[in-house]
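Okay, structure first, notes after.
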Amino acid sequence: MYEFKPVVILLVEDDPGDQKLVKQSFREEHIANELKIVDCMEGAMEYLERSRLGHQECPMPDLILLDLNMPGMGGKELLKAIKADTEFNVIPVVILTTSDSEEDVIESFRLQAAGYVRKPVTLEGFQKAIADLTDYWFIVCKHIEHNKDLKSDCNLCIVD
Amino acid sequence: MEGGYTDQTQPAIILLVEDDPGDQKLVKYALQFQKHQSSLKIVGTGEEALDYLRRSEDGDESAPLPDIILLDLNMPGMGGKKFLQSIKADEQLCTIPVVVVSTSGAEQDITESYKLHAAGYVQKASSLDKLRRIIQKLTQYWFATSTLIKR
């Protein structure tokens, strides 16, 4: 039984293995969620522009999970662009990365990331991280209701 | 320990900005039940919080720089939003995640807080039991799942 409308998570990640791990982890979650995946910054910008225009297949994300190291435009540039946009700046962006560099941590928080999660190495670790992250952002925290008209009858509408 | 998780060597510093003595006490109490060790510093207004942070930056040992700030919105004086705005405009302090903890469930407060770069918006729980669960998930996220800046 799902009383809530699904939350929309946008994953920006180029590694197919990590995409799969995140997907699997969200499938285990007990809150209704819709995971959208794009594999590059340009794809993320395109997705968000479609959201802005109200395209139904691109609902406004409630949370963005962002890998830092990707080909093309880097993750930090996307974070900067999102936080500079008057419409998108309300979306929490959580960094999900393999980077251990303290400089990346500081720079991400300076650019107003809403968390910095180092990618766990095991599936179990991934599931735990996604579960804790989901608990915090969607059970503990209130979020802005962007997608009031999304149907709540699908518990797992995972779409690539 | 699992790769993605932070090894906590010293207690995290939490700065609670809250004018209500009852709520101060509840947060303090709820934190005692957590497995993640933390040291709670409490100030009653936004002005006092800014003063605290100024002392942190000056290296005052009695005011260690917080790893995270829990911020009430409705307080006498400058209020939570103004405080949030001013620390997010500060080049050094802007890296500290600020979680709003408020009785308000008004959409305008939620939207405005996120616009001002709040790193979460928590509605105050009425019972201690519920608050404990909230604090448990909050500390799990900020002190274990997410990495904090090394201070």
Side-chain angles (χ1 to χ4, degrees), chain A residues 21 62-63 79 82-146 148, chain B residues 1-7 36 67-68 84 87-102 104-125 130-131 133-151:
Chain A
L21 281 172
D62 295 297
L63 183 74
L79 178 55
I82 291 171
K83 292 300 163 188
D85 187 288
T86 53
E87 194 172 345
F88 303 141
N89 64 3
V90 295
I91 308 170
V93 180
V94 177
I95 305 298
L96 187 61
T97 181
T98 45
S99 166
D100 250 334
S101 131
E102 186 63 15
E103 205 180 306
D104 281 341
V105 180
I106 296 171
E107 189 61 11
S108 299
F109 280 112
R110 195 180 295 288
L111 295 172
Q112 301 309 317
Y116 188 101
V117 179
R118 293 207 170 100
K119 279 180 192 167
V121 287
T122 61
L123 173 61
E124 210 186 13
F126 243 100
Q127 277 168 348
K128 175 89 175 93
I130 295 294
D132 291 341
L133 192 146
T134 308
D135 277 356
Y136 177 70
W137 285 107
F138 300 118
I139 295 178
V140 170
C141 286
K142 312 251 333 159
H143 55 278
I144 300 165
E145 302 199 358
H146 300 293
K148 284 188 174 128
Chain B
M1 243 184 155
E2 167 67 61
Y5 280 70
T6 314
D7 284 300
H36 304 289
D67 293 296
I68 184 167
L84 182 53
I87 89 150
K88 289 303 172 184
D90 183 290
E91 208 183 316
Q92 295 308 316
L93 301 175
C94 72
T95 57
I96 306 172
V98 179
V99 179
V100 170
V101 183
S102 173
S104 164
E107 208 166 312
Q108 200 192 333
D109 283 334
I110 301 172
T111 306
E112 236 177 298
S113 299
Y114 281 115
K115 250 188 206 308
L116 295 171
H117 305 307
Y121 187 105
V122 181
Q123 202 169 359
K124 274 181 193 167
K130 207 169 163 211
L131 182 72
R133 281 196 306 259
I134 286 177
I135 296 284
Q136 192 269 323
K137 290 186 159 74
L138 188 146
T139 52
Q140 175 66 24
Y141 177 73
W142 285 107
F143 304 151
T145 311
S146 178
T147 304
L148 295 167
I149 295 174
K150 292 196 182 83
R151 305 285 184 192

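- Taken from CZ in A:Arg110 to CG in B:Leu93, the straight-line distance is 10.5 Å, to the nearest 0.5 Å.
- Within the 4.5 Å cutoff, the side chain of A:Tyr136 has heavy atoms near those of the B:Val99 side chain.
- Per-residue counts of heavy-atom pairs under 4.5 Å with chain A were compared for B:Ala125, B:Ala119, B:Ser113; the largest is that of B:Ala119.
- Going from atom CD1 of A:Ile91 over to atom OH of B:Tyr114 covers 12.0 Å, rounded to the nearest 0.5 Å.
- The CG atom of A:Leu96 lies 11.0 Å from the OG1 atom of B:Thr145; values are rounded to the nearest 0.5 Å.
- Residues A:Cys141 and B:Gly120 approach most closely at SG-CA, 3.6 Å, considering heavy atoms.
- Minimum interatomic distance between B:Thr111 and A:Val90 (heavy atoms only, all atoms of both residues): O-CG1, 3.9 Å.
- Not counting sequence neighbours, the partners of B:Glu112 by the salt bridge (charged side-chain N to carboxylate O under 4.0 Å, His left out) test are B:Lys81.
- At least one donor-acceptor pair under 3.5 Å links the side chain of A:Gln112 to the backbone N or O of B:Cys94.
- The minimum heavy-atom distance between B:Thr95 and A:Phe109, with the atom names listed, is O-CB, 3.5 Å.
- How far OG1 of A:Thr134 is from OH of B:Tyr141: 10.0 Å, rounded to the nearest 0.5 Å.
- Considering every non-hydrogen atom in both B:Thr147 and A:Arg118, the closest pair reads CG2-NH1, 3.5 Å.
- Residues B:Val122 and A:Val140 approach most closely at CG2-CG1, 3.7 Å, considering heavy atoms.
- Nearest heavy-atom pair across A:Gly115 and B:Ser146 is CA-OG, 3.5 Å.
- Residues of residues 97-104 of chain A placed with any heavy atom under 4.5 Å of a heavy atom in chain B are listed by number as A:Glu102.
- When each of B:Lys137, B:Arg133, B:Gln136 is tested with A:Asp135 by the rule side chain to side chain contact (heavy atoms under 4.5 Å, CB included), just one qualifies, namely B:Lys137.
- Every residue meeting the side chain to side chain contact (heavy atoms under 4.5 Å, CB included) condition with B:Ala106, not counting sequence neighbours, appears here in chain and number order: B:Ser104, B:Asp109.
- Scored by the side chain to side chain contact (heavy atoms under 4.5 Å, CB included) test, A:Asn89 finds B:Lys115 as partners (sequence neighbours excluded).
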